[in-house]
Amino acid sequence: MLEKRLVVCLDVRDGKTTKGIKFQGNVDIGDPVEMARQYYEQGVDELVFYDITASSEQRGIFIDVVERVAAQIFVPFCVGGGIGSVEDMRAVLLAGAEKISVNSQAVLNPEIINAGAAAFGAQCIVLGMDAARDPDMKSGYRVVINGGRTPTDKDALEWALEAEHRGAGEIVLNSIDADGTQDGYEIPLTRMISEAVGIPVVASGGAGKPEHLAEVLSEGKADAALIASMVHYGSYSIAEIKQHLDAAGLPVRLKYRPE
Amino acid sequence: MKVGVVDYDAGNLKSVQTALAHLGVDQVVSSNPEELLAADRLVFPGVGDASSAMRVLRSRGLDVMIREFVSRGDPVLGICLGSQIVLERSEEGNADCLGIVPGVSVRFPKELGLKVPHMGWNQVSFRKGHPLFRGIPQGTSFFFVHSYYTQPSRSDLVLCESEYGEKFCCGLLAGNLAATQFHPEKSGEYGLKLLSNFLYWDPERTY
């Protein structure tokens, strides 16, 4: 039986991991390579690294982080942030990432999804989508970009379907309203998108305790749950979260290393 | 011992390379048939589209090389797309494949209402006591990402199985050729264990 994935997200700025509340006031919390190694040893299923500065000067530092992660982490990981061309995609794939996530760049230039899927396969191309509640939109959610600062004219549900049609192999769905609150994922949004598309959906934004993950993976119909603060600050271990999910009857990977 | 890794522009070889390097293996990553034939074991990875992969293999003479490597009896490990194209044919692009193992690759049927690609960790049950799974418990999870799966024409060619909507074959075994649909190089410590088992595998020894 396919298991529900626990994904840990690391926002990287100037080679360091940061975690901000609602994308503002980021504080450094550690070395991303060392953190990734620890999560790997604790049995994390997948990792995501976002280059949150993504300026050309810092690109090299970030690629170096990706290479060092790839050398010691033997589970899949995805890389996002500032990827605007097939060449950018190639650079992070060659550095050792399995998947590439496109977000604002895909909204501005949707063809990048088609081009990436054609060049590297749909399984490589992840649509990162930030959605905000908006009663004026048909689905009730509007796509926002630039870390939530800029609204677009796209409806979240329509954009998810379009991205799938263009060749995205997965969607990381982040709720701007829930992000950083630790009050739980945006269940109606996650469920709506996950039931509508035929590709896996990773729920993001709002996780504060293991019950929140259980909720979004069952009621929210998500295929995977993304967390950051919950583990970055040591409030919970990967094992504690997985044991909770297992007790809640969700299939998770518990046996991850030889005794 | 030297391991040859077949480079044919089919996705990312980096993860296979880093996993083998982590195991301390002497490896040659190449698209040159002669260089690869000089290796003692062959790893044949790959993600992407079966028909374009076959086109590249043929244009570089790598299809002939793989058949030769298999027929001379040295151990070969196919991974993901590499496990699909050792079969006769793939539904993907209706591609003629290497034809080393009888069978076809088919897509997960739409009627099952499953999300495709099948992406994530899934439990694998394998042929009891096989040396490739030494030290790995039955039901251990491995990492998958694929839309097509292998359907060998005989059950004795099935090395392991998993379940996604229905039971499916996720690994082939034909003499000195083994192949997995999942990615051992991305399946954590148990994945590394399987790769390490491959390095010690003697297909001629009965077990």
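The chains referred to below are lettered A, B, ... by the order of the sequence lines, with proteins before strands, and numbering in each begins at 1. Hydrogens, waters and symmetry mates are skipped; everything else that's a heavy atom, side chains included, is used. For clarity, every value in this text was computed on a predicted model and none was experimentally measured.
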Side chain, backbone, both or neither: which part of H146(B) has a non-hydrogen atom closer than 4.5 Å to chain A?
neither

Region of S187(B) that comes under 4.5 Å of a non-hydrogen atom in chain A:
backbone

Chain B heavy atoms under 4.5 Å from I73(A): which part of the residue, side chain, backbone, both or neither?
backbone

Using non-hydrogen atoms only, which part of A224(A) is less than 4.5 Å away from chain B: side chain, backbone, both, or neither?
neither

Ring centre gap for F143(B) and F182(B) strictly below 6.0 Å
no

is_close_aromatic(Y149(B), F108(B)), centroid dist under 6.0 Å
yes

State the CD1-OH distance between I238(A) and Y40(A), to the nearest 0.5 angstrom.
13.5 Å

Between K4(A), E41(A), R5(A), E46(A), who has the most heavy-atom pairs with chain B when the cutoff is under 4.5 Å?
R5(A)

Main chain of V197(A), side chain of E164(A): is a donor-acceptor contact present, judged purely on distance under 3.5 Å?
no

Pair K242(A) + D246(A): basic N to acidic O under 4.0 Å:
no

